[in-house]
Amino acid sequence: MTEKIETNETTVAGNFIRAIIEDDLKTGKHSQIITRFPPEPNGYLHVGHAKAICHNFGVAEDYAGLCNLRFDDTNPEKENDEYVQAIKENISWLGFKWNGEPKYASDYFEKLYEFAEWFISHDLAYVDDLTPEQMREYRGTLTKAGTNSPYRERSIEENLDLFRRMKAGEFADGAKVLRLKIDMASPNMNLRDPAIYRIKRAHHIRTGDKWVIYPMYDYTHCISDALEGITHSCCSLEFEDHRPLYDWVVDKLFTAGLLPARPRQIEFSRLELGYTVTSKRKLNQLVTEGIVSGWDDPRMPTIAGMRRRGYTPDGIRLFAKRCGISKSPNHVDVPFLETAIREDLENNVPRVMAVLKPIKVTLTNYIDGETGSREAGFHPNHPEFGSRLCELTKEIYIDSDDFQEIPEKGFQRLTLGGEVRLRHSYVIKCDEIIKDADGKIIELRCSIDSNTLGKNPEGRKVKGVIHWVSCTKSVKATVRLYERLFTEQAPDSVEGRDFKEFINPHSLETITAYIEPAILNAKPEDRFQFERVGYFVADRYDYHGPDGELVFNKTVGLKDTWKK
RNA sequence: UGGGGUGUCGCCAAGUGGUAAGGCAUCGGAUUUUGAUUCCGACAUUCGUAGGUUCGAUCCCUACCACCCCAGCCA
């Protein structure tokens, strides 16, 4: 009997991998599951990795299992410790705990080497002298079988001797490789005698200069999984073709009694987010070419970037949960992510008023010491968030978007001769517009209806409510507004064009805003809703600008059903 | 013209021989000192196409179509 998974959002939607796991648990194939997240430390993690993290760690949590963090550090030329540190931080920040100490594929280099000699000894691997170009020719094509390398029939003794000398550093980089002896005529290219060791004199982040030969992914990954007792090794779809190789290596070693377990590789489709790129190579390019300020630029789809943008771990996890796991191609639009973020922020963040594009308003009948102000809660549904005084003064700022001299149809904000409610304060009426020589509005003169503080005006309804800030009591802050980094839905798949041609020139705008004094004690990463505008976060690093002013990043705007 | 995958509402995504969950979006309507939130309600006679098996098919069979991945000494 399969336990029916509830379909509402309080639990995770069923997916085919969970079905497999539940079955394995039920049949007793496994008493505890162990998954793993195996990043290569050659760049920062992005939103696609976040989905994989949520899946691998999430499944382990849900079924009382474990999830290992294992760095796939088999290509020293590209890997570096900065990435290792960033990856660990990202995973922790998302709220996941890996099993024991972080693991490294390089922890198994010794073992991997022994196994390689075992493969040679059993006539299942050989040293090949072919150049990369020659190898490509011998490999054949998708429709044509490959041909055996002339070195394929070397004796076991010679292969062993050669391989040991490869390890000893007797040959130049790239001079030889060790290949598995499988089938050069296989319709699956991965089985055409894959190379599993190459000579490469590169300094490794963990093993230093100890090795001059390094094992390759296909050989390393499956053995590492098996050594760690991984039960379910989930990866993306492009590795589906590698599964026969994964199983081939594991089976040989397992059958020989050299491996404790036989993990199962299961593939699912990777996440495609619109209007961005998620290839590490391309993200790296954006960083090194200075198109963004770094891997953690708030416009980047990296976990570090999303964090700096103000996205929350719970929001990202909700997003991943909503995306689900399947094998069908899934192109998700950014608003889907943003909705999840907003939803998390909605109930967890205090609200204040901020004016981003100020127009000065003079309240002509304001009387100092007589005109009142209200105490207002930081969240309408959470009194425990506390409150502050929204102190009105004779001169205030409102957002220029909230005034139209000649209102368009349906406009509910301030107009000449019209009334509007100042949030947490009085209803005011605009009596006069002051313009400069160019006809630009520089000031509005409005009058307060003194009988509307905390109560509705008599005899009429005032529908519009706008936010405001005192000219004298508010504080200046730098606010960074972001838009999508690319103007194209799929910037990296437009034929004949480079993805960088679609960089959005307006993806960052920095402005000065006026905010209630209540945010003065904001700390890095403190989040707020600027009422009627959106969610903002105090920048994690430079939360004080050059003049000591606070610096906020726009996380995401409020949903706006008033479209123009 | 090789191999491996995928095709269920605009976007994700369950389901699996018994007559299409859910989320997001959208559209109504209610409440609202945020055009936000919240709340109600609507939203696939149809599951890539065409045949077949069956009392009955999205689920089984056959053929076809579309798209993705694979020819690194990358992962």
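Protein chains get the first letters and strands the later ones, always in sequence-line order, with residue 1 at the start of each.
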* Structure fact -> Against the side chain of A/R421, the closest entry in B/G35, B/U33, B/C12 is B/U33
* Asked: With a 4.5 Å limit on heavy-atom distance, are the side chains of A/Y535 and A/I341 in contact?
  -> no
* To do: Identify whether a stacking contact exists between A/W562 and B/G35, where the ring centres must be under 5.5 Å apart and the planes under 30° apart.
  => yes
* Could you tell me whether the side chain of A/M184 reaches within less than 4.5 Å of the side chain of A/T147, counting heavy atoms only? => no
* B/C74 phosphate, OP1 or OP2: any side-chain N/O from A/K200 under 4.0 angstrom? -> yes
* nucleotides 4-11 of chain B: protein proximity per nucleotide (B base, S sugar-phosphate only, - neither; heavy atom, under 4.0 Å) -> SSSS---S
* To do: To the nearest Å, give me how far apart CG (A/D402) and P (B/G35) are.
  => 9 Å
* Rounded to the nearest angstrom, tell me the gap between atom CG in A/N451 and atom P in B/U33. => 16 Å
* Below 4.0 Å: OP1/OP2 of B/U37 and any side-chain N or O of A/R342 -> no
* To do: Anything under 30° is parallel, anything over 60° is perpendicular, the rest tilted; go ahead and classify A/F486 against A/F499.
  => tilted
* Are A/T339 and B/A25 close enough that a side-chain N or O sits under 4.0 Å from OP1 or OP2? -> yes
* Asked: What integer number of Å spans the C1' atoms of B/C68 and B/A63?
  -> 22 Å
* With rounding to whole Å, what would you report as the distance between B/A25 and B/C12 at their P atoms? -> 15 Å
* Asked: C1' atom, B/C74 versus B/A20: distance in rounded Å?
  -> 44 Å
* To do: Scan A/Q412 against the nucleic acid and name what it touches under 4.0 Å (heavy atoms): base, sugar-phosphate only, or nothing.
  => base
* Asked: Between B/G35, B/C73, B/U33, which one does the side chain of A/M135 approach most closely?
  -> B/C73
* To the nearest 0.5 Å, how far apart are CD in A/E272 and CG in A/N330? -> 7.5 Å
* Asked: Over how many whole Å does the gap from A/D560 atom CG to B/A36 atom C1' extend?
  -> 9 Å
* Since syn is defined as within 90° of 0, does B/G72 count as syn or as anti? -> syn
* Charged N to carboxylate O below 4.0 Å: is that the case for A/R70 and A/E228? -> yes
* Asked: Which value, in whole Å, describes the distance between the P atoms of nucleotides B/A50 and B/A57?
  -> 15 Å
* Just wondering, are more than 12 heavy atoms of other shown residues or ligands nearer than 6.0 Å to CD in A/E384? -> yes
* On a whole-Å scale, what distance lies between the P atoms belonging to B/A21 and B/U45? -> 12 Å
* Asked: So what does A/F239 touch, heavy atoms closer than 4.0 Å: a base, only the sugar-phosphate, or nothing?
  -> base
* To do: Can you tell me, in whole Å, how much space there is between the P of B/G23 and that of B/A42?
  => 12 Å
* Please state whether the phosphate of B/C73, meaning OP1 or OP2, lies under 4.0 angstrom from any side-chain nitrogen or oxygen of A/R139. => yes
* Structure fact -> From the candidates B/C73, B/G2, B/G35, the one with an atom nearest any side-chain atom of A/P187 is B/G2
* Under 3.5 Å side-chain donor-acceptor pair for A/S470 and A/E391 -> no
* To do: Check every strand shown and say whether A/F411 touches a base, only sugar-phosphate, or nothing at a heavy-atom separation below 4.0 Å.
  => base
* **B/C74 phosphate, OP1 or OP2, under 4.0 Å from A/T74 side-chain N/O** => no
* Aromatic ring pairing A/Y514/A/Y397, orientation class (parallel under 30°, perpendicular over 60°, tilted between) -> tilted
* Structure fact -> Nearest-nucleotide check on RNA chain B, A/K144 vs A/Y426; residue mapping nearer the 5' end is A/K144
* For A/L130, answer base if it contacts any base atom (sugar-phosphate contacts may also be present), sugar-phosphate if it contacts only those atoms, and nothing otherwise; contact means non-hydrogen atoms under 4.0 Å. => base
* To do: Rounded to whole angstrom, note down the P distance from B/G17 over to B/G52.
  => 23 Å
* Are A/R198 and B/A75 close enough that a side-chain N or O sits under 4.0 Å from OP1 or OP2? -> yes
* Asked: Should A/D399 and A/R413 count as an ion pair when the cut-off is N to O under 4.0 Å?
  -> no
* Asked: So what does A/S186 touch, heavy atoms closer than 4.0 Å: a base, only the sugar-phosphate, or nothing?
  -> nothing
* Please report, rounded to the nearest Å, how far the C1' atom of B/G72 is from the CG atom of A/D128. => 15 Å
* Choose from B/A13, B/A36, B/C70 the nucleotide whose nearest atom is closest to any side-chain atom of A/T561. => B/A36
* Asked: Atom CG of A/N381 to atom C1' of B/U33: distance rounded to whole Å?
  -> 14 Å
* **Mutual orientation of the aromatic rings belonging to A/H242 and A/F239 [parallel < 30°, tilted 30-60°, perpendicular > 60°]** => perpendicular
* Counting just side-chain N and O atoms, does A/K280 come under 4.0 Å of either OP1 or OP2 of B/A75? -> no
* Asked: What does A/G146 touch in the nucleic acid at a heavy-atom separation under 4.0 angstrom: a base, only the sugar-phosphate, or nothing?
  -> nothing
* Asked: Starting at CD of A/E346 and ending at C1' of B/C39, how long is that distance when rounded to a whole Å?
  -> 14 Å
* To do: Please measure how far the P atom in B/U26 lies from the corresponding atom in B/U62, and state the result in whole Å.
  => 43 Å
* Report which part of the nucleic acid A/V465 touches: base, sugar-phosphate, or nothing (heavy-atom distance under 4.0 Å, all strands). => sugar-phosphate
* Structure fact -> Among the nucleotides B/A75, B/G35, B/U26, whichever has the atom closest to the side chain of A/D72 is B/A75
* **Polar pair under 3.5 Å, donor/acceptor by atom type, side chain A/R136, base B/G72** => no
* To do: Can you figure out which of B/A36, B/G35, B/C74 approaches the side chain of A/L558 most closely?
  => B/A36
* Asked: Roughly, in whole Å, what's the span from NE2 in A/H221 to C1' in B/A75?
  -> 9 Å
* Using a 4.0 Å heavy-atom cut-off across all strands, classify A/M216 as base, sugar-phosphate, or nothing. => sugar-phosphate
* If you find the nucleotide of RNA chain B closest to A/P380 and the one closest to A/S269, which residue's nucleotide is nearer the 5' end? -> A/S269
* Asked: Reckon A/E77 touches a base, only the sugar-phosphate, or nothing at all at heavy-atom distances under 4.0 Å?
  -> nothing
* A/E40/A/K280 salt bridge by N-O under 4.0 Å criterion -> no
* With pairs taken as Watson-Crick or G-U wobble and both distances under 3.5 angstrom, which stems of at least three consecutive pairs involve RNA chain B? -> B:2-7 with B:65-70, B:10-12 with B:22-24, B:26-30 with B:38-42, B:48-52 with B:60-64
* Asked: How many Å lie between CG on A/N190 and P on B/G3, as a whole number?
  -> 15 Å
* Asked: Can a salt bridge be assigned to the pair A/R243 and A/E267 using a cut-off of 4.0 Å between side-chain N and carboxylate O?
  -> yes
* Asked: How are the rings of A/H379 and A/F385 set to each other: parallel, tilted or perpendicular (split at 30° and 60°)?
  -> perpendicular
* Just call it for A/E531: base, sugar-phosphate, or nothing, with non-hydrogen atoms closer than 4.0 Å on any strand. => base
* Set of side chain to side chain contact (heavy atoms under 4.5 Å, CB included) partners for A/I20, sequence neighbours left out -> A/F16, A/D24, A/H232, A/R264, A/I266
* Quick one: which of B/A75, B/A13, B/G35 gets closest to the side chain of A/S326? -> B/A13
* Report which part of the nucleic acid A/R374 touches: base, sugar-phosphate, or nothing (heavy-atom distance under 4.0 Å, all strands). => base
